[in-house]
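For reference, the structure is listed below as structure tokens.
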Amino acid sequence: MKIKKDKKSQTQLSWIKSIKDQLLHHKSEVIIFLLLLIVFIFLRSYQLESRMSFNFDQVNGAWMAKDALVDHHWPLTGPVAKQNSGFSMAPLYYYILIPFYFVFNLHPIASGIAAVFISTLTFLSIFFVIKYLFNTKVALIAAYIDLVSVYIINSDKIDWNAGLTVLTSALTFFFLYKVLVGKTRMIIPLFLTLGFSLSGDFTNIFYFFIVSVCIPFFPKRKETLLYLILGVIIIMLLISPVLVSDIISRKGEGTNALSYLGTYYHGFHLTRFLQLRRDAFIEFVMFFGNDFVSYFDFLLPLIFGFLYYRQNKNREAIILSVLSILWFFIPWIVFTAYSGEITNYYFYMTRPIILMILAYFTYRLFLTRKIIIMTCVLLFWGYFTVNNLLNFFQEHPGNDFYNAKQIITPEVNAHNTSVRHIYSTPESYLQFYYEDYKNFNLKDN
């Protein structure tokens with residue numbers, strides 16, 4: 001028994017020593033990463049109360065937290081997939097929000113803090129995924145581009161279920177890659193991520209299309225089938241509350257999700273496919289804030305795939321290149337058969353791949369060691385940084401929460417009930433918080 005304990009302690013010591021050696025060996029990279037992380041959190045937290053979003057989705061999340069913490073009505077369904085769809089996502093996103101509203105005693109700032117927390121997890125996930133797939137230098141470049149983009153900064157401050165898309169996209173890409181290169185056990189975390197993604201935006205269904213395309217290329221082993229069956233069970237357990245609720249509400253008439261898909265499916269048409277070309281790569285345009293990139297953005301994943309394979313020339317390079325292309329083309333193809341409205345956040349899933357592509361291009365250009373090329377790259381990203389940060393700091397503070405707070409306070413409109421019935425407005429929640437909940441707690445104390 002003592003020998004086993006000694007072996008265990010020796011293993012733990014060697015593991016700690018290995019981490020320590022790695023940190024000392026890569027000390028400069030660790031310091032740079034920590035500085036990037038600090039700046040990332042600062043930019044997302046800067047003037048948070050006056051810059052965060054607090055409207056329809058955020059207010060609904062606040063009410064759901066109130067229902068759970070005050071009324072003890074715990075959610076079985078998540079946010080509505082689309083306002084006119086009639087079906088909801090899984091409820092896990094609400095359970096992420098509830099602890100923040102508990103800590104901040106139902107104050108709406110919990111919404112902004114939750115958004116910063118999720119965006120920080122996303123930042124870390126993207127960094128470590130790219131570090132594993134490439135190297136630390138490419139990951140640091142991607143992290144830098146991520147933290148200075150004003151478009152990403154502003155989207156990171158929004159507390160809504162679509163905010164999970166970038167996180168689940170990075171994780172799904174990584175685990176699927178690991179499975180395809182032969183790590184069969186990664187099927188379980190892959191399906192856990194797929195199940196978790198169903199608490200995000202409804203466009204996360206694209207991951208299932210991509211995985212379905214890739215399943216024939218999974219390792220041909222006995223345990224693969226077992227892990228796939230376990231994965232399906234995991235997904236069914238994660239979405240079971242929604243399925244039960246939907247089936248009961250429809251009383252055998254078919255689920256709302258299937259009804260919605262049937263309504264908006266109009267088949268594949270080449271004309272529609274070509275029309276959606278710019279939409280499929282809209283994240284490039286939003287990222288650079290310039291329509292000029294839309295003339296060639298569809299070529300960037302193809303160029304990346306070609307260059308990466310040419311550099312490595314192995315099976316892993318083929319898998320990574322093909323997955324990167326699928327991440328853009330599968331949503332493009334699926335939306336071609338969809339007749340509903342399309343907006344830019346439907347393509348959030350492409351953001352980690354865009355960061356990966358841009359970081360890889362930057363890294364390859366630096367590897368040329370040509371002064372002119374390196375200078376041009378530095379000038380380009382320097383201009384991008386200055387322009388984005390100037391735009392960020394020059395933005396005038398003021399949002400739905402900030403403006404509504406000026407109207408709804410304990411002193412102003414104390415007996416005004418005109419907005420109470422408008423459940424999804426910030427005024428309705430603030431009136432509840434300041435007049436009912438906060439005052440009640442003060443009297444109670």
Side-chain angles (χ1 to χ4, degrees), residues 26-44 46 119 122-124 126-127 129-131 133-157 166 170 278 281-312 321 324 328 344 347 350-395:
H26 301 283
K27 185 165 63 176
S28 60
E29 294 174 347
V30 172
I31 293 172
I32 293 171
F33 169 72
L34 290 176
L35 287 173
L36 292 177
L37 179 60
I38 291 168
V39 176
F40 178 91
I41 296 173
F42 167 75
L43 291 175
R44 271 64 182 175
Y46 180 72
S119 65
T122 303
F123 175 81
L124 294 172
I126 291 174
F127 174 82
V129 165
I130 295 178
K131 180 180 182 294
L133 296 175
F134 297 89
N135 56 52
T136 305
K137 292 181 177 65
V138 177
L140 288 173
I141 294 170
Y144 176 79
I145 297 170
D146 187 8
L147 80 88
V148 299
S149 167
V150 68
Y151 167 63
I152 297 179
I153 292 172
N154 289 332
S155 66
D156 280 348
K157 291 187 176 185
V166 185
R278 289 197 174 188
F281 300 88
I282 191 66
E283 280 287 288
F284 277 110
V285 176
M286 301 298 293
F287 179 80
F288 287 108
N290 194 317
D291 284 337
F292 176 73
V293 73
S294 66
Y295 293 103
F296 58 87
D297 52 12
F298 69 100
L299 294 173
L300 297 179
L302 300 174
I303 295 172
F304 164 77
F306 171 76
L307 291 176
Y308 186 72
Y309 174 72
R310 187 178 178 185
Q311 180 189 21
N312 296 277
S321 301
S324 302
F328 289 92
N344 70 291
F347 300 94
T350 61
R351 188 181 298 170
I353 315 305
I354 289 174
L355 290 169
M356 182 178 76
I357 289 172
L358 294 176
Y360 178 76
F361 284 164
T362 302
Y363 177 72
R364 284 292 300 268
L365 289 171
F366 268 105
L367 287 181
T368 62
R369 302 294 182 185
K370 294 181 180 179
I371 300 299
I372 296 177
I373 293 176
M374 294 171 68
T375 302
C376 289
V377 172
L378 286 173
L379 288 173
F380 174 80
W381 287 119
Y383 171 78
F384 180 85
T385 300
V386 172
N387 184 56
N388 276 261
L389 292 183
L390 281 177
N391 287 337
F392 172 72
F393 286 110
Q394 289 173 357
E395 287 179 357

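Throughout, numbering of the chain's residues begins at 1 and tracks the sequence.
- Between Asp297 and Ile282, every side-chain heavy-atom pair lies at or beyond the 4.5 Å cut-off.
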TODO: I would like to know whether Leu37 and Leu124 meet side chain to side chain contact (heavy atoms under 4.5 Å, CB included); could you show each step before the answer?
DONE: CA-CA 8 Å; Leu37 179 60; Leu124 294 172; 4.1 Å; yes

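- The NZ atom of Lys131 lies 9.5 Å from the CG atom of Leu140; values are rounded to the nearest 0.5 Å.
- Among residues two or more places apart in sequence or in another chain, the side-chain hydrogen bond (donor to acceptor under 3.5 Å, both in side chains) test is passed with Arg364 by Tyr360.
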TODO: Could you walk me through whether Arg351 and Ser155 pass side-chain hydrogen bond (donor to acceptor under 3.5 Å, both in side chains), step by step?
DONE: CA-CA 12 Å; Arg351 188 181 298 170; Ser155 66; 3.2 Å; yes

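- Between Phe292 and Phe296, the shortest heavy-atom distance links the atoms CE2-CE2, 3.6 Å.
- Side-chain rings of Phe384 and Tyr144 stay apart, their centers remaining 6.0 Å or farther from each other.
- Here the CG atom belonging to Leu358 is positioned 6.0 Å from the CZ atom belonging to Phe284, to the nearest 0.5 angstrom.
- At least one side-chain heavy atom of Ile153 sits under 4.5 Å from a side-chain heavy atom of Arg44.
- Checked options Phe123, Phe33, Phe127; the residue passing with Phe40 is Phe123 (criterion: ring pair (Phe, Tyr, Trp, His ring centres under 6.0 Å)).
- Scanning both residues, Met374 and Phe366, for their nearest heavy atoms gives CE-CD2, 3.5 Å.
- Between Pro352 and Ala170, the shortest heavy-atom contact is CG-N, 4.0 Å.
- In this structure the side chain of Ile141 never reaches within 4.5 angstrom of the side chain of Phe361, judged on heavy atoms.
- Take Phe380 and apply the side chain to side chain contact (heavy atoms under 4.5 Å, CB included) test, not counting sequence neighbours, and it matches Phe288.
- Of all heavy-atom pairs spanning Tyr308 and Leu133, the tightest one is OH-O, 3.7 Å.
- Considering OG of Ser119 and CG of Leu147, their distance stands at 11.5 Å, rounded to 0.5 Å.
- Proximity of a side-chain donor or acceptor of Lys157 to a complementary backbone N or O of Tyr46 within less than 3.5 Å is detected.
- Of all the heavy atoms in Asn290 and Val293, the pair that sits closest is O-CG1, 3.2 Å.
- For an aromatic pair to be called close, the ring centres must be under 6.0 Å apart, and Phe298 with Phe328 fails this.
- Of the possible polar contacts, none joining the Ser149 side chain to the Ile145 backbone as a donor-acceptor pair under 3.5 Å is found.
- In this structure, OG1 on Thr362 lies 11.0 Å from CG on Leu367, to the nearest 0.5 angstrom.
- With contacts defined as side-chain heavy-atom distances shorter than 4.5 Å, the pair Phe287/Asp146 does not qualify.
- Separating the CG atom in Leu43 from the CG atom in Leu389 is a distance of 6.5 Å, to the nearest 0.5 Å.
- Evaluated for a side chain to side chain donor-acceptor pair (under 3.5 Å) with Tyr151, the options Asn388, Asn391, Asn344 yield exactly one hit, Asn344.
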- [ ] Please test Tyr363 against Asn135 for side chain to side chain contact (heavy atoms under 4.5 Å, CB included), starting from the C-alpha separation and ending with a verdict.
- [x] CA-CA 10 Å; Tyr363 177 72; Asn135 56 52; 3.4 Å; yes

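- Distance check, rounded to the nearest 0.5 Å: CD1 of Ile373 to CG of Leu378 gives 12.0 Å.
- Open room surrounds CD1 on Ile372; 12 or fewer heavy atoms of other groups in view lie less than 6.0 Å from it.
- Qualifying side-chain hydrogen bond (donor to acceptor under 3.5 Å, both in side chains) partners for Ser321, counting only residues two or more places apart in sequence or in other chains: none.
- Taking the side chain as every heavy atom from C-beta outward, Asp156 and Val166 never approach each other to under 4.5 Å.
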